[in-house]
Amino acid sequence: DIDANGIVNVSAKDKSTNKEQKIQIKSDGGLSKDEIEKMKNEAEEHASADEARKESIESRNQAESTVYEIEKNMKTYDNELTVDEKDSLNKKITECRDALATNDSTIISNATKEVQEEANKLFAEAYQRKSAAGEQAGEQAEPTSEANEEKVDEAEFQDVDDKEKK
């Protein structure tokens, strides 16, 4: 049994000899008030270092995510991007990866911002080129005569209930 104070009481009885043994387990540990205060002070002392590490990790994750998305979009717009545009993006991606090696959140954030801005500009241009090419292809593919249109027959229908079938 465990009581409200966290004390465990265990008893065992040997039925053949009617001998009974009891043991009580108490929590002897716990932290003293001095130990708790010491831990709080250490946490406060390391708070700024922890915050800096958190910022570094967040900027690193953002940079890696951004680079991944840009590389994915480069494959999507491969035909629309020029060689110079691809080289420019690859250079920015390399700079961003180099910034990751520094573990400095400011440097990483700046490199991420630069590669993101370059990618947004180039992908917007590539999207416009792709849209323009799609419109030109669509205009050429449009049928000019009504003979190519599909003939649609109109018909009426009536719902029949299962009860009416019987």
Next item on the list: Please examine the side chains of D50 and K54, heavy atoms only from C-beta on, and report whether any two atoms are closer than 4.5 Å.
Entry: no
Notebook entry, point to check: So if you build clusters from Ile, Leu, Val, Met, Phe, Trp, Tyr with side-chain heavy-atom gaps below 4.5 Å, do I23 and V8 land together?
Noted result: yes
Item checked: Exercise: identify the closest heavy-atom pair between E42 and H46 -> O-CD2, 2.8 Å
Notebook entry, point to check: Taking the side chain as C-beta and beyond, is there a heavy-atom pair between K113 and Q116 under 4.5 Å?
Noted result: no
Margin query: Quick check: do E85 and E125 have side-chain heavy atoms less than 4.5 Å from each other?
Written below: yes
Notebook entry, point to check: Can you find a pair of side-chain heavy atoms, one from D87 and one from K91, that are under 4.5 Å apart?
Noted result: no
Note to self: N73 vs Y127, test: side-chain contact (heavy atoms from CB on, under 4.5 Å). Steps then yes/no.
What the structure shows: CA-CA 11 Å; N73 286 334; Y127 179 76; over 6 Å; no
Next item on the list: Please check if atom CD in Q21 has more than 12 non-hydrogen atoms from other residues, nucleotides or ligands closer than 6.0 Å.
Entry: no
Notebook entry, point to check: Does the side chain of Q24 reach to within under 4.5 Å of the side chain of I7, using non-hydrogen atoms?
Noted result: yes
Check: Are the side chain of S56 and the backbone of N103 linked by a donor-acceptor contact shorter than 3.5 Å?
Finding: yes
Note to self: Nearest 0.5 Å, please: how far is CD in E55 from OG1 in T106?
What the structure shows: 7.5 Å
Item checked: Gap between atom NZ of K38 and atom CG of N41 - 0.5 Å precision -> 10.0 Å
Next item on the list: Evaluate the side-chain proximity of I70 to K92: yes if any heavy-atom separation is below 4.5 Å, no if none is.
Entry: no
Notebook entry, point to check: Going hydrophobic residue to hydrophobic residue with side-chain gaps under 4.5 angstrom, can you get from I93 over to F123?
Noted result: yes
Check: Does D84 offer a backbone N or O that forms a donor-acceptor pair with the side chain of S88 under 3.5 Å?
Finding: no
Check: Hey, what do you get for OG1 (T66) to CG (N61), rounding to the nearest 0.5 Å?
Finding: 10.5 Å
Note to self: Please evaluate residues L100 and E64 with respect to the criterion side-chain contact (heavy atoms from CB on, under 4.5 Å), reporting the C-alpha separation (whole Å), side-chain torsions for both, the decisive distance (0.1 Å), and the verdict.
What the structure shows: CA-CA 8 Å; L100 286 171; E64 289 172 349; 3.9 Å; yes
Next item on the list: Over all heavy atoms of both residues, which pair between S59 and I108 is shortest? Give the atoms and the distance, please.
Entry: O-CG2, 3.4 Å
Checklist line | Close side-chain approach of Q62 and E58, heavy atoms under 4.5 Å | finding: no
Checklist line | Spacing of CD belonging to E114 relative to CD belonging to E117, to within rounding of 0.5 Å | finding: 7.5 Å
Notebook entry, point to check: Is the backbone N or O of K72 less than 3.5 Å from a side-chain atom of T76, with the two atoms forming a donor-acceptor pair by type?
Noted result: yes
Next item on the list: Count the heavy atoms of every other residue, nucleotide or ligand shown that sit under 6.0 Å from NZ of K86, and state whether that count exceeds 12.
Entry: yes
Next item on the list: Kindly indicate, with the supporting measurements, whether the criterion side-chain contact (heavy atoms from CB on, under 4.5 Å) is fulfilled by L89 and E118.
Entry: CA-CA 7 Å; L89 271 178; E118 181 75 10; 4.1 Å; yes
